[in-house]
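Inspection log for the structure reproduced underneath, given as structure tokens.
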Amino acid sequence: MTDPAPPILIRGGTLQTAETSLRADLLLADGVVAAIGRPGQALEAPTRAATLDAGGLLVMPGGIDPHTHMELPFMGEVSSDDFRTGTEAALAGGTTTILDFAIPTPGGSLLDAWHAWSERAAKSVCDYGFHVAVTHWSERVADEMTTLVRDHGVNSFKHFMAYKGALMVDDGVLLNSVGHALSLGALCSVHAENGEAVAHLQRALLARGITGPRGHPLSRPPAVEGEAAQRAIAIAGLLGAPLYVVHVSTADAAAAIAQARGQGQRVFGEVLAQHLLIDEGVYDRPDFAFAAAHVMSPPFRAKSHQAALWAGLASGQLHTTATDHCCFNASQKALGRDDFTRIPNGTAGIEDRMSVLWHHGVRTGRLTPAEFVAVTSANSARIFNMHPRKGTIAVGSDADLVLWDPEASRTISARTHHQRVDFNVYEGMEVTGVARSTIAGGRLAWHEGTLRTTPGDGRYVPRPAFAPICFPGRR
Ligand code: URQ
Ligand code: ZN
Ligand code: ZN
């Protein structure tokens, strides 16, 4: 752990949170926000303070990416960004906290997984937390969930309804796990795809000789997600438990969430920046490497689904944006050259989420700046019980900030990105909205194109359980 950073005085910026916009100076000290100036009143700089000129810039809460997979062992490979390189890329794009996933081996210990991921994440350069995956059910799983909530700052548990034979859980596991998590004041999330249907369609496509990447979306049509989302929502509703649906990619699932919310059920939806901007046409390219680079689950969809996702974010029926950053190089994706079901699933995105959402969200009028902060930071902080430590600008909040230039432009490319992967799904996209400086834990970690990080600067963020009276799921 490096020495504490000197105080930083941020002058002349516009503070933009999910609630307000304010022209004020900001003083950071000892890793937290120490003072917020009165509008138009210059804050005095203490001795030893560094000063950052934020004239013309927005000062926003650092982005929170609630869905990443650094160095994940998956489908016979390990995702290529580790916790150092992946969090460096996060900072370069204005993200200052990630929530990754500790995933037990099949039938393995959740606690062992949490310890294994904790060791891997120790080299992070920004703050991090873990959702812990439940991949089977037993009394030991229940006991370990209890220990993780009470002693390890875990308040969220993940369930994969897809990936039959690997991570997939059945309804029985979901019922047991969601019910137990509710008693602990913990929130459950689901990867909502019907894994049995996917396996069935995969077999049928391969039997017809469809082995290329085009088979991937054909084996996971929108109905596969819509059915699973409805089923998970029904199970949570039976138990009176809240639910968080990760990487909502279809109008089908978005509608299921909106309908449940309209009936008073506490369901949250997450949208990947990639699904908002990239469509299923990428699988039509004859070039295996290009199409395989886009193999992720859920797959990219027809453009009509993108409109439903944007509408969900603007209307508040979908709540967070993430990246599911889980990248594999071309040599790794080639594992599935003769069989699309063997292509490691996943794409990168952690470095570009904020810029693509500013460019395609705020500059098009789909999102206001306040809504941008809500969906890139504040809502994840609230849903996973990190607010107001994270996701806002308040005295005592972590000094996790991004100095955002709303007018600067950059062209996205694998040739220049910091993600340790040889492909960028946004390759060549010119975006307006750039992180000029990123401050993490009070340290100037990214400034004018240069990273200033030391492995281990990032800290584990324990997230307390919800008290029963205020638990978001209780009617
Ligand atoms: O399903 C996930 O979220 C992980 C395994 C990343 N891969 C993916 O294709 N989304
Ligand atoms: Zn998933
Ligand atoms: Zn994921």
Side-chain angles (χ1 to χ4, degrees), residues 65-81 83 86 98-106 113 117 128-135 156-169 174 188-195 198-199 202 213 215-217 219-220 224-225 228-229 232 243-250 253 268-276 278 280 282-283 291-301 320-329 332-333 335-336 340-350 353 380 384 419 421 423 425:
D65 189 338
H67 191 154
T68 65
H69 299 283
M70 305 303 175
E71 50 191 295
L72 171 71
F74 187 56
M75 294 180 72
E77 288 292 342
V78 177
S79 60
S80 57
D81 252 331
F83 276 92
I98 65 170
L99 295 180
D100 207 283
F101 292 81
I103 303 177
T105 53
W117 257 261
Y128 57 91
F130 301 123
H131 312 286
V132 179
V134 173
T135 55
S156 52
F157 292 96
K158 172 74 173 293
H159 306 76
F160 292 91
M161 299 171 77
Y163 306 126
K164 181 180 180 182
L167 300 172
M168 186 177 95
V169 296
L174 264 180
C188 285
S189 66
V190 291
H191 171 134
E193 288 185 297
N194 182 319
V198 170
Q202 285 178 333
H216 183 70
S219 66
R220 314 175 96 97
V224 161
E225 179 179 285
L243 184 73
Y244 182 91
V245 183
V246 304
H247 47 47
V248 174
S249 71
T250 61
F268 303 104
E270 172 194 279
V271 180
L272 304 187
Q274 301 95 302
H275 283 135
L276 286 165
I278 297 163
E280 61 180 356
V282 295
Y283 300 116
H294 290 87
V295 166
M296 70 171 297
S297 295
F300 293 106
R301 304 291 187 185
T320 64
T321 61
T323 64
D324 198 355
H325 187 82
C326 184
C327 33
F328 299 97
N329 286 301
Q332 296 176 292
K333 291 279 189 174
L335 204 61
F340 70 86
T341 68
R342 300 192 57 223
I343 299 172
N345 285 205
T347 59
I350 198 163
R353 174 179 64 123
S380 284
F384 294 108
Q419 299 167 145
V421 65
F423 192 85
V425 292

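Whatever order the structure lists them in is the order used to number ligands and atoms, beginning at 1.
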Distance-only donor-acceptor hits, side chain of residues 161-169, under 3.5 Å, sequence neighbours excluded:
{"unit_1": "Lys164", "atom_1": "NZ", "unit_2": "Glu196", "atom_2": "OE1", "d": "2.8"}

Taking it one step at a time, do Phe160 and Ile103 satisfy side chain to side chain contact (heavy atoms under 4.5 Å, CB included)?
-> CA-CA 10 Å; Phe160 292 91; Ile103 303 177; 4.0 Å; yes
Trace of the side-chain hydrogen bond (donor to acceptor under 3.5 Å, both in side chains) decision for Tyr244 with Thr320 = CA-CA 10 Å; Tyr244 182 91; Thr320 64; 2.7 Å; yes
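Thr250 contributes atom OG1, which lies 13.0 Å from atom CZ of Arg220 (distance to the nearest 0.5 angstrom). To the nearest 0.5 Å, atoms CE (Met70) and CZ (Phe83) are separated by 7.0 Å. Put simply, CE on Met296 and SG on Cys326 are 8.5 Å apart, with the number rounded to the nearest 0.5 Å.
Below 30°, between 30° and 60°, or above 60°: for His131 and Phe101 the angle between ring planes is between 30° and 60°, a tilted geometry.
Remark: of the listed residues His69, His325, His67, His67 is the sole one forming a ring pair (Phe, Tyr, Trp, His ring centres under 6.0 Å) with His247.
Distances below 4.0 Å separate heavy atoms of His67 from the following atoms of ligand 1: 3 (O). Atoms of ligand 1 found under 4.0 Å from any heavy atom of His247 (numbered from 1 in listed order, with element): 3 (O). Residue Cys326 approaches ligand 1 through these ligand atoms, each under 4.0 Å from one of its heavy atoms: 6 (C).
When hydrogens are left out, the protein atom nearest atom 7 (N) of ligand 1 is Asn345 O, 3.1 Å; that is the closest non-hydrogen contact. Protein heavy atom at the shortest distance from atom 4 (C) of ligand 1 is His69 NE2, 3.4 Å. Among all protein heavy atoms, the one lying closest to atom 1 (O) of ligand 1 is Tyr163 OH, 2.5 Å. Protein heavy atom at the shortest distance from atom 3 (O) of ligand 1 is Asp324 OD2, 2.9 Å. For atom 9 (O) of ligand 1, the closest non-hydrogen atom of the protein is Ser297 N, 2.7 Å.
Under the 3.5 Å distance criterion, the side-chain polar atoms of Ser79 are left unmatched by any main-chain donor or acceptor of Cys327. Between the Lys333 side chain and the Pro344 main chain, a donor and an acceptor come within less than 3.5 Å of each other. Of the possible donor and acceptor atoms, none in the side chain of Glu280 sits under 3.5 Å from a partner among the backbone N and O of Pro299.
Counting only distances under 2.8 Å, and ignoring water, the protein N, O or S atoms around the Zn ion (ligand 3) are His67 NE2, His69 NE2, Asp324 OD1.
In terms of polar-atom proximity, defined here as any N/O pair under 3.5 Å, Lys158 makes no such contact with ligand 1.
Not a single heavy atom of Phe101 sits less than 4.0 Å from an atom of ligand 1.
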